[in-house]
Q: 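To start, I am sharing the structure in question, which I have written as structure tokens.
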Amino acid sequence: MLIRSKIVKTLHGITEKKGWEIPLENIVVEQPPKIEMGDFATTLPLALARVLKRKPFDIAKEIAQEFSMEEISTVQPLPNGYINFFFSTAFLFTCFQSLLEEPKQYISSQEGAGKKVLVEFVSANPTGPLTVANGRSAPIGDTIANLLELQGYQCDREFFINDMGAKAQKLAASVFYYAMAELQHPVPPPDEMYPGDYVQTLACDYIQKEGDSLLALPREKAIELLKQFSLSTMISRMKEDLDDFHIHFQSWFPESSLHNGYIQDTFNRLKNQGVVEEKEGAYWFLTTKFGDEKDRVLIRSNGLATYLLGDIAYHRNKLERGYDFCVDVWGADQSHVNPLKWALHTLGFCEDQLKTVTFQLVHLFRNNQEVKMSKSGGNYITLRELLNEVGPDVSRFVYLSRSNEQHLNFDLDIAKNRDPKSPVFYAQYAYTRCKGICREAEAVNIDIPQKWEDVDLSLLKDPAELQVLRRFAIMPELLERACSSLAPHLVTQDIQILANDFHSFYENCRVIDIDQIERTKARLLLVISIEKLLSVLFSLIGIHAPERM
RNA sequence: GUGCCUGUAGCUUAAUGGAUAAAGCACCGGCCUCCGGAGCCGAAGAGUGGAGGUUCGAAUCCUCUCAGGCACGCCA
């Protein structure tokens, strides 16, 4: 059990014993704003003051007297009504030892044991390349999945391929136009030409592979073949991009696989629940019943399913595959969350089974100028260009440096050229320094301890050393919070503060000192632990841990 | 016009309704005879766009307002 929940329970026990009525969930235990204020604090006396009509300080003193936990050495009631808690040295050493033995297990929990989760992200339309805008979804979804796995969930990553839409059709028609022109049999251009140079390239690639075989086919058949070719080409390119971004999906789920009656069946179920009505030749989902401003079309008057119906069917399918819940990572331009939730509710699912994470747009800056992008105008920067320019580590770190709901300003000049202003170097440098210290220790023939039994931990008593130990102790709580709030950017923050603690320790405590060999060993063990913890945290956000820089 | 998101130090950003709003960058002042100075320590700098309200307590919740972004198709 996490230490914070333990403190809450202990406090609740005291209130029960005293006959003070306060629900467990109203007991606030939080990290104080400043390190001098301890490792945890509670505002319980403030909450009780009004009910009991007593001074907060008196209540605080009374609670402090009753409070006893082996992990807590000092319980400090304060005149303003707070109670501060300080970890005991024994607890700090216990955490240190667990971290050293199994770093990943140390920061994980069994919260989600036995539960299956599907994280769906990116799912970009396969009619164009991944861009820096929809690319933001990739590290967010991947890190959320990593965090869920850390909390014990069995987690799969899935990419939904929208291969049945009008956009795919439009792309195919444009490719057809270019292909026929290339084959000296020009046809009139489609009403709407798909933008982007890659469209014409697709036509040429097809001809290179298949020759002039298109000419022998009827128009519809030719367009269909070009569609298959174009989509599979774009998808394999996206796979390559994501691969270089160190992101791997367990499954790539094509919408077409639902077009075997499953979508129709989903529609019938909704209809049977009385939330569908025929109007003007189309079938509408009566979302106004749920408070929507207007109803939504499910089946168009031409008989084709809308994107919404397809997505409803897809989510039904996901939940029927046995996942306890789904996490969807969506761009802010996706606006059908509520209709989707209402539909799932109508189909008998619980609304909590769909958790959506919305992220805002990305603004790119170069030379202090915003780089304007517009996908419909065919003017955008691809994820591939970003990867080539700044590399996957910096890209992932910057993508995760703001909360999802904030617009992200991505400064290419700072990100590239290994500019030290980029926070990723601060963190990776900490890791490199750890490695450097170990190399130095070996160079002067000091045996590097591997187990805590080999050293005298009580030699670690400098404030900077204790600060690192306290950070170790709190780390599982920080990650639990990042996971439960589906906020991957908190991990980059946790990395920053740990790196900061390490750099301070490094400046204040010289590790290698041949005149104090026992203390050197204790400090080396601390360095090794930091290195291990950083390495696990880096893997959570998918960045590399460099031995040297 | 309607809906959603966002306005915090010169800049980029933190802050599960709680303590004197926290960091980094830039600026200023210190720190390498010693494990990588891509670092550390210190100083200065905001009362959270504005106005009300709820609360013992608000950057956080509510109302109004100003500013920016996105979405508002029988597109996906």
Side-chain angles (χ1 to χ4, degrees), chain A residues 4 28-34 37 41-43 46-47 49-50 56 78 80-82 84 123-125 127 162 164-170 192 255 279-284 292-294 296-308 310-311 331-338 358-361 363 365 368 401-409 411 414 418-423 425-426 428-430 432-441 443-444 446 464 481 484-485 487 489-490 493 496-497 499-500 502-513 520 523-524 527 548-549:
Chain A
R4 194 167 73 100
V28 176
V29 172
E30 60 191 359
Q31 273 191 275
K34 287 185 182 167
M37 297 169 173
T42 185
T43 57
L46 288 165
R50 214 174 75 195
L78 292 162
N80 61 8
Y82 280 84
N84 292 343
S123 297
N125 213 306
T127 52
N162 201 304
M164 293 299 286
K167 281 190 176 158
Q169 205 59 38
K170 219 178 273 177
E192 244 182 290
E255 184 190 350
K279 279 185 284 188
E280 299 155 24
Y283 288 92
W284 299 70
D292 206 357
E293 57 188 35
K294 60 185 171 192
R296 311 282 165 170
V297 174
L298 291 175
I299 295 183
R300 303 195 286 258
S301 51
N302 64 8
L304 296 176
T306 59
Y307 176 74
L308 175 61
D311 218 30
D333 54 346
Q334 300 284 322
S335 54
H336 64 289
V337 186
N338 284 334
T358 307
F359 64 91
Q360 295 292 321
L361 283 189
H363 300 283
F365 287 82
N368 289 322
S401 60
R402 288 204 71 167
S403 88
N404 306 331
E405 300 200 332
Q406 296 262 359
H407 297 271
L408 177 75
N409 291 332
D411 190 322
I414 290 179
R418 317 215 104 200
D419 190 320
K421 282 180 206 163
S422 171
F425 296 113
Y426 183 82
Q428 289 183 319
Y429 180 52
T432 307
R433 265 188 157 172
C434 290
K435 286 290 183 190
I437 294 171
C438 292
R439 281 195 295 270
E440 178 65 21
V444 296
I446 293 175
R481 200 182 134 205
S484 61
S485 51
H489 77 285
L490 293 177
Q493 278 184 48
Q496 295 289 82
I497 60 173
N500 185 19
F502 166 71
H503 286 307
S504 284
F505 156 74
Y506 178 90
E507 298 290 338
N508 285 298
C509 306
R510 193 187 157 78
V511 176
I512 296 171
D513 182 348
T520 298
R523 287 183 171 173
L524 276 172
V527 169
R548 296 169 199 272
M549 288 169 74

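Here is how names work: the chains are called A, B, and so on, in the same order as the sequence lines, proteins then strands, and each is numbered from 1.
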Q: Does any nucleotide pair with G1(B) by Watson-Crick or G-U wobble geometry, both distances under 3.5 Å, and what is it?
A: C72(B)
Q: Applying side-chain contact (heavy atoms from CB on, under 4.5 Å), name anything that partners T432(A), two or more places apart in sequence or on another chain.
A: P546(A), M549(A)
Q: Both distances under 3.5 Å, Watson-Crick or G-U wobble: report the partner of A67(B), or none.
A: U6(B)
Q: Going 5' to 3' along nucleotides 71-76 of chain B, which nucleotides have protein heavy atoms under 4.0 Å from the base (write B), which only from the sugar-phosphate (write S), and which from neither (write -)?
A: SSSBBB
Q: Which nucleotide sits closest to the side chain of R510(A): C34(B), A15(B), G39(B)?
A: C34(B)
Q: Starting from the 5' end of RNA chain B, give me the residue, A441(A) or A499(A), whose nearest nucleotide shows up first.
A: A441(A)
Q: If you measure from CG on L78(A) to CG on N84(A), what distance do you get to the nearest 0.5 Å?
A: 5.0 Å
Q: In chain order, what residues pass the ring-ring contact (aromatic ring centres under 6.0 Å, His included) check against H336(A), with sequence neighbours excluded?
A: Y307(A), W330(A)
Q: Please work out if P56(A) contacts a base, only the sugar-phosphate, or nothing of the nucleic acid, heavy-atom cut-off 4.0 Å.
A: nothing
Q: For K167(A), give me all partners under salt bridge (charged side-chain N to carboxylate O under 4.0 Å, His left out), at least two apart in sequence or on another chain.
A: none
Q: Can you figure out which of G36(B), A19(B), C35(B) approaches the side chain of R439(A) most closely?
A: G36(B)
Q: Reading nucleotides 5-13 of chain B from the 5' end, what letters show protein touch, with B for base, S for backbone sugar-phosphate only, - for no heavy atom under 4.0 Å?
A: BSS----SS
Q: Please enumerate all residues that pass side-chain contact (heavy atoms from CB on, under 4.5 Å) together with S485(A), with sequence neighbours excluded.
A: A487(A), L490(A)
Q: Applying a 4.0 Å non-hydrogen cut-off, can you work out what C434(A) is touching in the nucleic acid: base, sugar-phosphate, or nothing?
A: nothing
Q: Picking from A22(B), A14(B), G37(B), which would you name as closest to the side chain of Y429(A)?
A: G37(B)
Q: For N404(A) and G69(B), give me the distance from atom CG to atom C1', rounded to whole Å.
A: 16 Å
Q: Considering every strand and a 4.0 Å limit on heavy-atom distances, what is the contact class for I446(A): base, sugar-phosphate, or nothing?
A: nothing
Q: Applying ring-ring contact (aromatic ring centres under 6.0 Å, His included), name anything that partners H489(A), two or more places apart in sequence or on another chain.
A: none
Q: Could I get a table of every N or O pair under 3.5 Å where one atom is in the protein and the other is in nucleotides 41-48 of chain B?
A:
from: C41(B); atom 1: OP1; to: S504(A); atom 2: OG; distance (Å): 2.8

Q: Report the residues that fulfil side-chain contact (heavy atoms from CB on, under 4.5 Å) with D333(A), sequence neighbours left out, ordered by chain and then residue number.
A: none
Q: Write down the partner of U48(B) under the Watson-Crick or G-U wobble criteria, each distance required to be under 3.5 Å.
A: none
Q: Considering residues at least two apart in sequence or located in another chain, which fulfil the salt bridge (charged side-chain N to carboxylate O under 4.0 Å, His left out) criterion with E280(A)?
A: none
Q: Are Y506(A) and G36(B) close enough that a side-chain N or O sits under 4.0 Å from OP1 or OP2?
A: no
Q: Report which part of the nucleic acid E507(A) touches: base, sugar-phosphate, or nothing (heavy-atom distance under 4.0 Å, all strands).
A: base
Q: Kindly write out the residues that satisfy side-chain contact (heavy atoms from CB on, under 4.5 Å) with L46(A), not counting sequence neighbours, or none if the list is empty.
A: T43(A), P56(A), Y82(A)
Q: Indicate yes or no: does R510(A) engage E440(A) in a salt bridge with an N to O separation below 4.0 Å.
A: no
Q: Hey, could you give me the NE2/CZ distance between H407(A) and F359(A), rounded to the nearest 0.5 Å?
A: 12.5 Å
Q: Searching all strands shown, indicate the nucleotide that pairs with C61(B) (Watson-Crick or G-U wobble; both distances under 3.5 Å).
A: G53(B)
Q: Taking any heavy-atom pair under 4.0 Å as a contact, classify A443(A): base, sugar-phosphate, or nothing.
A: nothing
Q: What interatomic distance, in whole Å, is found between P of G10(B) and the corresponding atom of A46(B)?
A: 7 Å
Q: Could you state the NE2-P distance from H503(A) to C35(B), rounded to the nearest angstrom?
A: 16 Å
Q: Partner lookup for C31(B), please. Criteria are Watson-Crick or G-U wobble with both distances under 3.5 angstrom; report none if nothing qualifies.
A: G39(B)
Q: Within this structure, what is the NE2-to-C1' distance between H489(A) and A23(B), rounded to whole angstrom?
A: 13 Å
Q: Across the strands shown, which category fits N84(A) at heavy-atom distances under 4.0 angstrom: base, sugar-phosphate, nothing?
A: base
Q: With sequence neighbours left out, what residues match K279(A) under salt bridge (charged side-chain N to carboxylate O under 4.0 Å, His left out)?
A: D295(A)
Q: Relative to the 5' end of RNA chain B, which residue comes earlier, N80(A) or R548(A), by the nucleotide with the nearest heavy atom?
A: N80(A)
Q: Is there a Watson-Crick or G-U wobble partner for A15(B) with both distances under 3.5 Å, and if so, which one is it?
A: none
